[in-house]
Student: 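Let me begin by handing over the structure; questions about it come next.
Side chains included, hydrogens not; waters and symmetry mates left out as well; all remaining heavy atoms used.
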Amino acid sequence: MILETFIGIAEIVLGTFGALFIVYGAAIAIIELLARETRLRKQSYHDIRWFFTTRILIGLEFFVAADVLKTILEPTLEDLTILGALVAIRTVVSYFLGQEVKELPEERKL
């Protein structure tokens with residue numbers, strides 16, 4: 001019972017943090033885009049996109065961790081199938097976003 005409660009709380013925390021990290025990245029990207037469009041900053045679209053992409057990748061990793069914890073609590077065949085599909089989709093998205101990050105010069109990578 002205590003372990004289930006702990007895992008449930010950890011799942012919620014990880015999922016929430018993943019969502020907040022993506023929202024944070026989106027908010028900063030929107031601010032940077034508006035600043036660029038109003039000529040307050042000269043940051044390139046590529047830099048703004050890279051910043052947002054890296055935040056999406058990190059957020060997705062937290063979502064996968066939360067889904068794994070959820071499946072530990074409810075290991076039905078349906079839950080395992082859903083987890084597999086989610087991990088597959090997130091892996092494909094992460095792969096392509098990661099390819100974009102690889103294309104950047106080394107000094108721009110975090």
Side-chain angles (χ1 to χ4, degrees):
M1 185 67 167
I2 294 173
L3 181 61
E4 289 176 355
T5 302
F6 174 75
I7 290 174
I9 292 170
E11 172 198 345
I12 292 169
V13 168
L14 289 173
T16 302
F17 189 73
L20 288 174
F21 210 76
I22 291 173
V23 170
Y24 160 74
I28 298 299
I30 289 168
I31 291 168
E32 292 295 329
L33 281 170
L34 291 175
R36 186 191 187 314
E37 290 299 317
T38 58
R39 311 260 192 269
L40 296 174
R41 294 198 184 120
K42 293 186 178 187
Q43 190 170 13
S44 71
Y45 289 119
H46 198 270
D47 288 341
I48 296 168
R49 186 174 172 197
W50 169 79
F51 177 84
F52 189 32
T53 298
T54 56
R55 279 21 178 217
I56 291 172
L57 285 171
I58 293 169
L60 288 175
E61 294 300 326
F62 281 102
F63 285 143
V64 170
D67 288 340
V68 168
L69 289 177
K70 179 182 178 189
T71 303
I72 289 172
L73 290 178
E74 305 167 9
T76 65
L77 183 58
E78 182 180 345
D79 289 329
L80 291 172
T81 304
I82 291 170
L83 176 63
L86 288 173
V87 169
I89 291 167
R90 290 180 181 145
T91 300
V92 169
V93 170
S94 293
Y95 173 78
F96 286 109
L97 291 175
Q99 292 301 313
E100 288 185 20
V101 171
K102 283 182 185 178
E103 294 174 5
L104 293 173
E106 195 62 39
E107 65 271 5
R108 287 189 177 170
K109 296 180 185 176
L110 293 179

Student: Examine Val93 and Trp50 and state if one hydrophobic cluster contains both, with Ile, Leu, Val, Met, Phe, Trp and Tyr joined whenever side-chain heavy atoms are less than 4.5 Å apart.
Tutor: yes

Student: What distance do Asp67 atom CG and Ile72 atom CD1 have between them, rounded to the nearest 0.5 Å?
Tutor: 11.5 Å

Student: What heavy-atom pair brings Gly15 and Ala66 nearest, and what distance separates the two atoms?
Tutor: N-CB, 3.7 Å

Student: Do we get Arg55 above Tyr24's six-membered ring, with its NZ or CZ under 6.0 Å from the centre and within 45° of the axis?
Tutor: no

Student: Work out which heavy atom in Leu14 is nearest to a heavy atom in Ala65; give both atom names and the distance.
Tutor: CD1-CB, 3.9 Å

Student: Quick one: pull up OG1 in Thr16 and CZ in Phe63 and give me the separation to the nearest 0.5 Å.
Tutor: 8.5 Å

Student: When rounded to the nearest 0.5 angstrom, what is the spacing between CD1 in Ile12 and CD1 in Ile7?
Tutor: 12.5 Å

Student: How about CZ on Arg49, more than 12 heavy atoms from neighbouring residues, nucleotides or ligands closer than 6.0 Å, or not?
Tutor: no

Student: Do Ile28 and Leu60 share a hydrophobic cluster (ILVMFWY, side-chain heavy atoms under 4.5 Å, transitive)?
Tutor: yes

Student: Quick check for you: to the nearest 0.5 Å, what is the distance between Glu32 atom CD and Tyr45 atom OH?
Tutor: 12.5 Å

Student: Once you round to the nearest 0.5 Å, how far does CG of Asp47 lie from NZ of Lys42?
Tutor: 14.5 Å

Student: Is the Phe62 ring parallel, tilted or perpendicular to the Phe17 ring (thresholds 30°, 60°)?
Tutor: perpendicular

Student: Mind checking whether Val92 and Ile89 sit in one hydrophobic cluster, side chains of I, L, V, M, F, W, Y counted as touching below 4.5 Å?
Tutor: no

Student: Can you name the closest pair of heavy atoms from Val87 and Thr91 and give their distance?
Tutor: O-OG1, 2.5 Å

Student: Measure the OG1-CZ distance between Thr54 and Phe21 for me, rounded to the nearest 0.5 Å.
Tutor: 7.5 Å

Student: Applying the 4.5 Å side-chain criterion to the ILVMFWY set and letting contacts propagate, would Ile48 and Ile58 be lumped into a single cluster?
Tutor: no

